[in-house]
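See below for the structure under consideration.
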Amino acid sequence: MLQRITRTREMPSAKYTPSEVEPKWQNAWAEQKTFKTPNPGDAGFDAAKPKFYILDMFPYPSGAGLHVGHPEGYTATDILARYKRMRGFNVLHPMGWDAYGLPAEQYAVQTGVHPSITTQKNISNIKRQIQSLGFSYDWDREVDTTDPKYYRWTQWIFMQLYKKGLAYLAEVPVWWCEALGTVLANEEVIEGRSERGDHPCVRRPMKQWMLKITAYAERLLADLESLDWPESIKIQQRNWIGKSEGAEVDFEIAGGAAAGTRMTVFTTRPDTLYGATYMVLAPEHPLVAKVTTPEQQAAVKAYVVAASKKSDLARTELAKEKTGVFTGGYAYNPVFDRNDPKAKIPIWIADYVLMGYGTGAIMAVPAHDTRDAEFAVQFKLPIVPVVMPPDAWLKANPPKAMKDTEVRALREAYLKAPHTFSDFFVDDGIAINSPAMEGKPTPEAKKAITAWLAQRGLGKATVNYRLRDWLFSRQRYWGEPFPVIHMADGSHKLIDEKELPLQLPEMADFKPTGTFEPPLSKAKDWLKTTDPATGQPATRETNTMPQWAGSCWYYLRFLDARNDKAAWGKEIEKYWMPVDLYVGGAEHAVLHLLYARFWHKVLYDLGLVSTKEPFHRLFNQGLITAFAYKDKTGRLIPTDEVEEKGDGVFVLKASGESVEQIVTKMSKSLRNVVNPDDVIKSHGADTLRLYEMFMGPLDSSKPWNPRDVPGVHRFLQRAWRVVVEDDESKPEAGQLRANLKAAGDGDAELERALHKAIKKVTQDLDRMAFNTAISALMIFVNEALKDVTKVGKTQAERFVLLLAPFAPHLAEELWQRLGHAKSLAYEAWPPFDEKLTVDATKEIPVQVNGKLRAKIVVPADASEDELKAKAQEAVAGSLEGKAIAKLFVVKGRLVNVVVK
RNA sequence: GCCGGAGUGGCGGAAUUGGCAGACGCAGUGGAUUCAAAAUCCACCGAGGCUCACCCCUCAUGAGGGUUCAAGUCCCUCCUCCGGCACCA
């Protein structure tokens with residue numbers, strides 16, 4: 001009896017059963033450490049092989065677990081990792097956890113459960129989910145940013161930045177969220193409310209740690225050129241860095257208390273200097289108090305106070321109308337003689353000028369700048385044209401009364417009254433009313449006036465960046481503590497490296513302090529320390545680092561994750577870096593990718609890494625969306641309230657009212673969220689992997705259609721059937737098909753189909769076109785199942801290897817059943833013969849005057865003459881009585897006969 | 001407003017350099033198998049027309065124009081959707 005049960009268990013299944021096959025192989029890979037990757041110097045390391053570092057953006061282990069968007073990118077990288085191993089690469093493919101984050105801390109505030117407990121629980125859940133998909137990560141390299149063994153080195157890198165003078169304390173305005181009791185990063189606040197919880201936030205100045213990313217602005221911009229990244233991401237980074245070239249120009253204040261003081265403005269259009277009819281200072285500008293006359297004092301003060309209460313946002317988005325106040329003061333425009341009445345121009349303050357950019361002061365040229373124009377119109381300030389637009393512009397934007405007027409008249413009108421034209425001219429033209437550069441085109445005029453100013457010590461060419469320094473501290477508990485102490489005299493210094501990691505104090509109470517002090521200020525014992533160098537009492541920094549810190553360098557820790565002597569080994573870094581392919585969502589286009597590049601460049605300057613850039617190639621996967629429905633009033637309807645009535649017609653179950661199918665982000669309220677666990681349970685991990693890749697191109701967003709999942713599952717069943725007899729009514733059920741038991745070449749036509757598939761899959765993997773690669777596999781299986789007894793053993797084997805990166809569990813099972821004891825993970829990728837990828841004969845379309853008229857069957861390599869002859873024969877009927885004007889023959893493609 | 005990206009059957013999507021538009025999958029229709037069903041297999045499956053049996057014809061890749069023997073693909077104008085930035089002088 002016992003024996004019988006054992007025998008039954010050992011009997012291989014006849015049917016494709018993912019729930020048996022998948023855990024079996026996941027366990028085998030884990031036990032045998034199939035995907036453990038040796039480093040240079042380790043046993044088993046083969047230096048002769050080329051390297052491939054393929055990285056996923058590591059996830060935040062949220063309590064909600066994985067959604068189907070995560071496995072999309074992870075599956076793509078896993079397929080490529082497996083493929084590259086089979087192509088003979090040393091593949092580095094790690095995974096870890098970006099585990100600091102606000103949710104765990106908020107949960108701690110509500111429940112008192114320590115964030116590390118919540119975090120570990122979430123990590124183990126999400127790790128289970130990731131492992132259930134059969135990804136080939138080297139789990140011996142797993143990292144967790146909240147692990148002291150990891151953040152010790154995050155703190156160490158901060159110390160390097162500090163020592164280089166790239167970290168400093170500054171009083172800056174930050175978002176304070178009363179309800180959450182913390183400061184939030186700009187990106188965590190949307191329209192003045194917290195992203196999480198939707199609580200109101202206010203701007204207030206606080207002392208914060210800043211990192212001097214602006215010192216690297218030029219290199220961060222220039223080195224983008226060398227990267228194989230999506231152009232859209234590069235453009236976003238360029239915009240964010242916002243380089244603009246122009247000039248600084250000094251204006252001297254005329255009269256009053258500040259007479260003679262120089263006021264410097266930044267402009268990208270020094271060529272319009274003769275058109276500057278007023279000046280504007282940001283309300284926070286230090287010269288405001290000095291230039292304001294006693295009569296204007298009250299009005300200016302009121303405006304400055306009002307502006308300080310507005311957030312940056314209110315100053316921009318809500319302010320459709322320009323506001324400002326005249327200070328009563330004047331300045332001399334340096335291009336005019338002091339005695340010239342045009343030289344003296346009024347100084348205003350207005351909040352459309354920002355203190356944080358350039359010098360916080362501008363020269364206003366209303367004729368050639370839309371913002372200045374709006375302001376000038378509002379406050380009736382003079383508008384002087386100094387750039388003559390091209391004729392085409394004048395004709396396209398004439399004053400209302402001057403439509404169809406000739407250009408000469410338009411030019412005269414422009415000189416007299418540019419504001420009467422339908423738009424203000426802000427582009428390049430010819431300098432006018434500008435003696436120092438009269439008649440010069442804008443680019444030359446800029447050079448001329450900049451040189452003119454420099455000669456007289458009145459200005460110089462300057463480059464400005466929009467990029468600001470990085471606000472690097474948060475008033476939170478759950479983050480890396482700064483390795484910094486503050487002395488009684490207000491100075492600060494780094495702690496000793498031997499003290500690392502500086503661990504977070506254990507706390508029972510995570511509630512906000514109720515003041516602006518961070519939660520760590522409550523850990524009194526931890527707070528007080530002494531400076532070992534001087535023996536003086538000192539206090540620890542109570543801010544913690546932002547979540548970005550840990551993710552700025554995790555790709556480096558993966559190289560040498562268990563090293564407790566250094567953050568990573570030098571030789572190891574040299575071997576693996578840079579990351580060859582980095583895959584993740586486009587939401588990190590700017591922040592994470594810019595911060596990581598910044599740190600990497602600092603490490604490069606310190607000689608700690610060997611490459612200038614961390615991520616050579618970047619690929620953004622698209623969003624996975626879902627279907628929902630919309631009724632006539634535009635109301636969104638959850639999926640489960642709708643049924644389909646044939647071809648694209650959907651109606652409400654309750655009323656029968658017809659609704660429209662639309663695509664949305666997955667959301668709980670629309671009940672269209674897909675949980676990967678459910679898909680694995682119903683169809684298996686290989687089906688989930690395959691469906692995610694089959695949906696469409698990796699980089700485009702596409703809707704999840706539950707109805708399509710069984711389609712790819714059926715394909716896997718068919719693939720199984722190529723190898724295994726699955727008819728349970730037959731005595732040989734569950735066995736290898738008879739034609740596969742002995743070596744054999746298989747069918748010659750099928751061999752061609754196989755070579756076609758190998759070629760297509762190989763080429764498609766090289767261009768990351770997974771959907772079409774899978775389609776090629778399907779075509780082969782369809783071909784093979786036309787007569788499954790014709791499949792030869794090596795054909796089956798090569799097909800299984802081809803399938804392996806996509807559906808690794810199924811492939812391993814079939815590989816084993818084909819008689820192999822070892823995993824196929826390191827088997828050589830099957831080669832193809834170009835000659836066998838084309839059929840012996842080909843069907844060629846024949847067109848007459850571009851319209852399809854016939855098809856001819858010719859040998860694949862038929863000559864042009866042969867095609868010509870056959871084609872004319874085929875369309876003889878259509879050619880009757882007509883003269884052939886021309887004959888186009890595209891070899892192997894088509895013939896087009898042009899007749900008159 | 002500015003900068004990107006995209007519009008192809010009922011649905012997801014294919015289509016090397018301009019060369020048969022709709023690969024592959026889903027859904028649908030008809031049939032085989034079955035006591036029946038599931039599963040599986042076979043056939044059909046853009047729209048319209050034709051003496052819808054066979055052949056064949058016309059139209060069709062968001063709209064309109066253009067270049068070309070030939071346009072989903074190249075050029076111009078416009079529309080719609082998605083993403084990013086938003087007074088940066």
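Every chain is numbered from 1, with letters handed out A, B, ... down the list of sequences.
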When rounded to whole Å, the CG to C1' distance for the pair A/Leu354 and B/A89 reads 9 Å

Are A/Arg718 and A/Asn782 close enough, and set up right, to give a side chain to side chain donor-acceptor pair (under 3.5 Å), and what steps lead you there?
-> CA-CA 8 Å; A/Arg718 286 161 66 80; A/Asn782 289 347; 2.6 Å; yes

Spacing of OG1 belonging to A/Thr75 relative to CE belonging to A/Met693, to within rounding of 0.5 Å | 5.0 Å

Would A/Thr841 and A/Asp839 count as a side chain to side chain donor-acceptor pair (under 3.5 Å) if you check the C-alpha gap in whole Å, the side-chain angles of each, and the deciding distance to 0.1 Å?
-> CA-CA 5 Å; A/Thr841 61; A/Asp839 290 320; over 6 Å; no

Here the gap from A/Ser232 atom OG to A/Gln237 atom CD, rounded to the nearest 0.5 Å, amounts to 10.5 Å

Pairing of A/Lys786 and A/Glu783 as salt bridge, 4.0 angstrom limit = yes

Using a cut-off of less than 4.0 Å, is there contact between a side-chain N or O of A/Arg466 and OP1 or OP2 of B/C85?
-> no

Rounded to whole angstrom, note down the P distance from B/G19 over to B/C56.
-> 25 Å

Expressed in whole Å, how much space separates the C1' atoms belonging to B/C69 and B/C20?
-> 16 Å

Among B/C26, B/C87, B/A14, the one nearest A/Arg707 by side-chain distance | B/C26

Testing A/Val895, A/Val889, A/Val890 for side chain to side chain contact (heavy atoms under 4.5 Å, CB included) with A/Glu864, which one passes?
-> A/Val889

For B/A15 and B/C52, measure between their C1' atoms and round to the nearest Å.
-> 30 Å

Carboxylate-amine/guanidinium proximity below 4.0 Å for A/Glu225 and A/Arg238 = yes

Is A/Pro710 touching bases, backbone alone, or none of the nucleic acid, heavy atoms closer than 4.0 Å?
-> nothing

Just by modelled atom types, is the A/Pro805 backbone N or O under 3.5 Å from a matching donor or acceptor in the A/Arg689 side chain?
-> yes

Starting at CZ of A/Phe251 and ending at C1' of B/A89, how long is that distance when rounded to a whole Å?
-> 12 Å

Which of the following nucleotides, B/C20, B/C41, B/A15, is nearest to the side chain of A/Pro845?
-> B/C20

Between B/C41, B/G19, B/C24, spot the one nearest the side chain of A/Arg721, thanks.
-> B/C41

Which of B/C69, B/C85, B/A89 is nearest the side chain of A/Phe888? It is B/C69

Counting heavy atoms from C-beta on, name the nucleotide in B/G25, B/U40, B/U16 closest to the side chain of A/Arg893.
-> B/U16

With a non-hydrogen cut-off below 4.0 angstrom, is A/Gln847 in contact with a base, only sugar-phosphate, or nothing?
-> base

Please work out which of the three classes, parallel, tilted or perpendicular, describes the rings of A/Trp348 and A/Tyr278, given edges at 30° and 60°.
-> perpendicular

Would you sort out whether A/Ser244 and A/Asn464 count as a side chain to side chain donor-acceptor pair (under 3.5 Å), showing the intermediate values?
-> CA-CA 5 Å; A/Ser244 54; A/Asn464 243 303; 5.9 Å; no

Interatomic distance at C1', B/A39 relative to B/A32, whole Å = 14 Å

Contact nearer the 5' end of RNA chain B, comparing A/Glu843 with A/Gln717 = A/Glu843

Between B/C82 (C1') and A/Asp699 (CG): distance, integer Å = 14 Å

Check for a donor-acceptor pair, side chain of A/Ser863 on one end and backbone N or O of A/Glu866 on the other, with a separation under 3.5 Å.
-> yes

Please report, rounded to the nearest Å, how far the P atom of B/G19 is from the NZ atom of A/Lys842.
-> 13 Å

Contact class for A/Lys702 (heavy atom, under 4.0 Å): base, sugar-phosphate, or nothing?
-> sugar-phosphate

Rounded to whole angstrom, note down the P distance from B/G62 over to B/A14.
-> 15 Å

When rounded to whole Å, the CD to C1' distance for the pair A/Glu374 and B/G1 reads 11 Å

Does A/Lys322 make a cation-pi contact with A/Tyr352, if we ask for NZ or CZ under 6.0 Å from the ring centre and within 45° of the axis?
-> yes

Can you tell me how far C1' of B/C24 sits from CG of A/Leu690, to the nearest Å?
-> 12 Å

Output row for RNA chain B, stems defined as at least 3 consecutive Watson-Crick or G-U pairs under 3.5 Å, is B:1-7 with B:79-85, B:10-12 with B:24-26, B:28-32 with B:40-44, B:46-49 with B:56-59, B:62-66 with B:74-78

Provide the distance between the two P atoms, one in B/G25 and one in B/U40, to the nearest whole Å.
-> 13 Å

Residue whose nearest RNA chain B nucleotide is more 5′ - A/Lys851 or A/Phe627 | A/Phe627

How far, in whole Å, is B/U8 from B/U80 if one measures between their C1' atoms?
-> 16 Å

Under 4.0 Å between any heavy atoms, over every strand shown, what does A/Ser700 touch: base, sugar-phosphate, or nothing? Just pick one.
-> nothing

When all nucleic acid strands are considered with a 4.0 Å heavy-atom cut-off, which category describes A/Asn771: base, sugar-phosphate, or nothing?
-> sugar-phosphate

Can you list, by residue number, the residues of residues 233-247 of chain A that have a non-hydrogen atom closer than 4.0 angstrom to RNA chain B?
-> A/Ile235, A/Gln236, A/Ser244

Output yes when A/Glu72 and A/Lys702 qualify as a salt bridge under the 4.0 Å nitrogen-oxygen rule, no when they do not.
-> yes

Scan A/Asp372 against the nucleic acid and name what it touches under 4.0 Å (heavy atoms): base, sugar-phosphate only, or nothing.
-> nothing

Minimum-distance nucleotide to A/Asp369 side chain [options: B/U58, B/A89, B/G19] | B/A89

Determine the Euclidean distance between corresponding P atoms of B/G72 and B/U61; express it in Å to zero decimal places.
-> 7 Å

Report the nucleotide, chosen from B/A14, B/C69, B/C24, that has the shortest atom-to-atom distance to any side-chain atom of A/Val898.
-> B/C69

What is the distance from CG of A/Leu852 to C1' of B/C20, rounded to the nearest Å?
-> 6 Å

Pull up the glycosidic torsion of B/G9 and say syn or anti, syn being anything within 90° of 0.
-> syn

Picking from B/G10, B/G19, B/A89, which would you name as closest to the side chain of A/Thr268?
-> B/A89

Proximal nucleotide (of B/A70, B/C11, B/G25) relative to the A/Asn782 side chain = B/G25

Which nucleotide, B/C26, B/U16, B/A89, lies nearest any side-chain atom of A/Arg714?
-> B/C26

Atom CG of A/Asn849 to atom C1' of B/A71: distance rounded to whole Å?
-> 16 Å

Hey, does A/Ile779 reach any base, or is it just sugar-phosphate, or nothing, if we go heavy atoms under 4.0 Å?
-> sugar-phosphate

